[in-house]
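A quick write-up on the structure given underneath.
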Amino acid sequence: MAAYEKLIQHISAVQADTRVFENAFQSVARMILGAGFEKVVVNGRTTYDFKIFRVGRKHTIGMFDEINSFVSYVKDAAEGGSSKEMAYVLVGEPGNGKTFFVEFLCSQYRGFLTTPRNRRYTFRYTGLSQLGHYGKIDVIDSQTYEDPMILAMNLFETNDENRRFLAEQGGFSEAQLDTLYQNYRPLGACSGYIWSEIRAFCDNDPERMFNHVEVIPVPMSESLGTITGKYPAKDKITSSSVDLLGEESIQRLLHISDTNNPYRFDLRRGALARVAGGGIHFSDEIFKNKKDLVQVYLGVIQNRAIEIDGYKWPIDSLIIATSNNSEFNRFLAEREEAPIVDRCRICYVSHNTNYRLQEGLTSYAIGSDTKTTLTNEDLHQDPNLNYAASVGVVLTRFPRSEKLTPIEIMKLSAGEIAGEKSIKALAEVIDTLGQEPDITKRFGQKGLGHRSLGRAVQLLVENSETNEGRCMVAYDIFKSLERVVLDYVVDTNDRAKYLEDLKIAKGLYRERIMTEMFNAYMDEPFAIRKDVMNYVNMIIGIDAENLGPDRMWKYKDPQSGELRALKIDERYVRSVEERIGLKTEEQRDSFRTSIRKIYGQKISVDPNYDFMDNLELVKAVTDVRLKSDIAGAGSLIGALANRTNEENQKLYDRMINTMLNKLGYCRTCAQKTIEYFCTQEDET
């Protein structure tokens, strides 16, 4: 009687909504949308940022378009759209996060299913030895982890009887039954066959029939490949459809005397049956599989069933695959393979093009654990290393454009100010490139990927200078990236472009070092930021009515809300504008208006906005301050390079001290940075 209770208990739990009966798409959609989302602007377009992909120590970074596309695919399938007969395929360059994204989704899904309400259940048949022709087999599990509700919808031979039973015994209303039956599917070949034998054995007596059924939770172990399973492309000789579908089991045939019994097929030998109960099947590098395996996928994706020798086992799983650009193109070139691509929702995954977000990816590549030298001493990380590496790889991912320079594209992609150029210009460039039939020419589709960055970091760490100085110096990452380009990039044109991009990155690094040197000279971590904000506040207050003859202007600081007084120094304002290259009054007025406009837009949203992303302005302010404070940056370079007199030595020591104590440098990278500042390399 207990077993009968179990099935009824499960049915009652579904009716009371303490357990759910839904398909894989509905589960995944509920998981993603339940975690919430935010609106963000990416490359000039409003899009959605789903929170579930941004949790955990190592989560997905960027991929806004790809994630939005995936969510809409799952949502459409959950609502019964055409997507439910399709597989979702991520196509892109190696090392841009396709596999990581799918594995992250799978781990989140497993976590989601551990909560009691979301847990998946299946059923098993017991006491089969009583039936006579199962040998020593007494217990049989549903091979495709079918939900007990599927059994409940197939208890009797007619649909009317089943509905009547669920209404009377389960307490379901007509409306609830209609909802249930939207996910109706017949029992799999072996479950159906055994159930009809049990029905005959029990003379159609429900009481006795239910004694042969037990409800059990689906095992959640990642290593078993249940709920979420990965099928990697294997070599051509050993891989066969058996790996996906299963095969006839000799072991079972020794027990089963009835040759018609579909239970002689062992489906769990294949990867699909293990995820058939509302799971995610992940096929890595799907188009690397040999043709006959891809043909097997053709049937599985369209019909959502495992078919062997005419027997059918309906499955409920979300199928996600990945593929390399070159493999995918080779596959497309073979025209007879069109039907499989037709059943796939293709999503072209681009590299990350936002250098601010790239800093998170770069920190993944560098590693979170403290690195050590060969002699087991701590390896210091230059505070500019992440910036240098991020800018270096991101610049290689931008196609050349006549409308925008690489630096303008980089700044606009990160949502920053790029002089007069607007985000619209970037959106136009992306749209134009989006018309290219060759995928690799589209925006962000080509460039140094995450693995190349990882290799560059490895080369940097194994370098003898790094080990000797016990520090990963930022400037050295450029040498490592150049080495990676020369060793791993095959195409001559790509190689030339990437090396050119790394030169631009060095120029940006140089400008950052100028700022760092100024901060070190002023003995204050944010000295340059303060001066940039002074310039901004001066041009806002320059025309103020309450300016007295002493040129003092009082304003309310949006960050602290306090009243501040600022002396407006018109000479300083003019010097900064001359440095930017604004010669005439009109140019100056237009620049000031644009700065005021940015201030008005940004401060209302983010009171801590500091204009430090406006490289042009930061560089001008740095130059002016270095020139006015030390009678020219040249003389600071001179003073730091020539330390024969005492005063210069004192200045050098003071700057080194500031860098060590306030700016996060160690002795090696502080000295190397000053050394680099004193050379004329990479002057743009």
Side-chain angles (χ1 to χ4, degrees), residues 3 7 121-148 150-151 153-157 185-202 204 208-216 218-219 224-227 229 231 234 238-279 281 292-293 295-300 303-317:
L7 185 61
Y121 289 86
T122 183
F123 59 86
R124 61 161 56 128
Y125 299 127
T126 58
L128 295 176
S129 49
Q130 299 167 31
L131 272 66
H133 42 255
Y134 284 90
K136 289 188 177 171
I137 301 175
D138 192 46
V139 175
I140 290 180
D141 286 10
S142 159
Q143 292 202 81
T144 51
Y145 293 110
E146 291 155 302
D147 195 286
I150 296 291
L151 179 62
M153 288 192 263
N154 290 280
L155 283 175
F156 306 105
E157 285 178 329
R185 59 182 193 272
L187 283 169
C190 58
S191 314
Y193 187 89
I194 296 167
W195 186 240
S196 63
E197 287 207 325
I198 290 173
R199 195 187 291 127
F201 175 73
C202 298
N204 263 358
R208 285 170 61 200
M209 282 158 64
F210 292 142
N211 282 339
H212 289 278
V213 183
E214 273 179 21
V215 172
I216 52 169
V218 175
L224 286 175
T226 54
I227 296 296
Y231 181 76
K234 297 197 185 78
T238 59
S239 63
S240 71
S241 62
V242 171
D243 298 337
L244 284 176
L245 306 178
E247 64 180 340
E248 210 161 37
S249 162
I250 306 291
Q251 212 174 356
R252 286 182 187 173
L253 284 171
L254 294 173
H255 292 278
I256 297 170
S257 53
D258 179 2
T259 49
N260 292 325
N261 193 331
Y263 188 63
R264 68 180 192 270
F265 292 104
D266 179 6
L267 297 195
R268 300 243 182 118
R269 160 85 173 75
L272 282 165
R274 281 173 264 161
V275 295
H281 174 72
D292 51 352
L293 257 187
Q295 300 289 0
V296 168
Y297 269 117
L298 192 71
V300 171
N303 307 325
R304 284 292 195 279
I306 294 170
E307 291 184 43
I308 309 177
D309 291 1
Y311 292 114
K312 261 189 183 179
W313 286 265
I315 64 170
D316 163 31
S317 56

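Worth saying up front: this structure is predicted, and the values here are computed from it rather than measured.
Using modelled atom types, no side-chain atom of Asp309 and backbone atom of Tyr311 make a donor-acceptor pair closer than 3.5 Å. The backbone N or O of Pro314 sits nowhere less than 3.5 Å from a side-chain atom of Arg304 that would complete a donor-acceptor pair. Between the side chain of Arg268 and the backbone N or O of Ala273 there is no donor-acceptor pair closer than 3.5 Å. Between the side chain of Glu197 and the backbone N or O of Leu131, no donor-acceptor pair lies under 3.5 Å. With Thr144 contributing its side chain and Ala276 its backbone, the two residues share no donor-acceptor pair below 3.5 Å. Between the side chain of Thr122 and the main chain of Glu146, a donor-acceptor pair closer than 3.5 Å is present.
A pairwise comparison of heavy atoms in His133 and Asp258 identifies CD2-CB, 4.3 Å as the closest pair. Summarising the geometry of Asn154 relative to Pro186, their closest heavy-atom pair is OD1-CA, 3.9 Å, with the distance given to 0.1 Å. Between Arg252 and Phe265, the shortest heavy-atom contact is NH1-O, 3.0 Å. Taking each heavy atom of Thr126 and Asn211 in turn, the nearest pair found is OG1-O, 3.6 Å. Between His281 and Val275 the shortest heavy-atom distance is CB-CG2, 3.7 Å. Closest approach of Arg199 and Asn204 over heavy atoms only: CG-OD1, 2.6 Å.
Between Phe201 and His212, the two ring planes are perpendicular [angle over 60°; tilted spans 30° to 60°].
Aromatic ring centres of Phe123 and Tyr125: separated by under 6.0 Å.
Of the inter-residue distances, the one linking Ile315 atom CD1 with Tyr145 atom OH reads 14.0 Å to the nearest 0.5 angstrom. Atom CG of residue Leu7 and atom CD of residue Glu214 lie 11.0 Å apart, to the nearest 0.5 angstrom. The CD1 atom of Ile137 sits 10.5 Å away from the OG atom of Ser129 when rounded to the nearest 0.5 Å. Put simply, OG on Ser196 and CG on Leu187 are 9.5 Å apart, with the number rounded to the nearest 0.5 Å.
The shortest side-chain heavy-atom distance between Leu128 and Ile194 falls under the 4.5 Å cut-off. Here the side chains of Arg208 and Ile198 are not in contact, with every heavy-atom distance at 4.5 Å or above. The side-chain heavy atoms of Tyr263 and Ser249, taken from C-beta on, include no pair separated by under 4.5 Å. Inter-residue side-chain proximity for Leu272 and Trp313 is flagged as unmet; no heavy-atom pair is nearer than 4.5 Å. Side-chain contact between Asp147 and Asp316: absent, with no pair of heavy atoms (C-beta onward) separated by less than 4.5 Å. Side chains of Glu248 and Leu253 form a contact here, defined as non-hydrogen atoms less than 4.5 Å apart. Two residues are said to be in side-chain contact when any heavy atoms from C-beta on lie closer than 4.5 Å; Ile227 and Arg274 fail this criterion.
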Side chain to side chain contact (heavy atoms under 4.5 Å, CB included) between Gln143 and Asp266, worked out | CA-CA 8 Å; Gln143 292 202 81; Asp266 179 6; 3.8 Å; yes

Kindly determine whether Leu267 and Glu247 satisfy side chain to side chain contact (heavy atoms under 4.5 Å, CB included), including the steps that lead there.
-> CA-CA 6 Å; Leu267 297 195; Glu247 64 180 340; over 6 Å; no

Dump the intermediate steps for side chain to side chain contact (heavy atoms under 4.5 Å, CB included) on Tyr297 and Tyr231, then the final yes or no.
-> CA-CA 12 Å; Tyr297 269 117; Tyr231 181 76; 3.7 Å; yes

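Using modelled atom types, one finds a donor on one side chain and an acceptor on the other under 3.5 Å when comparing Asn261 with Tyr134.
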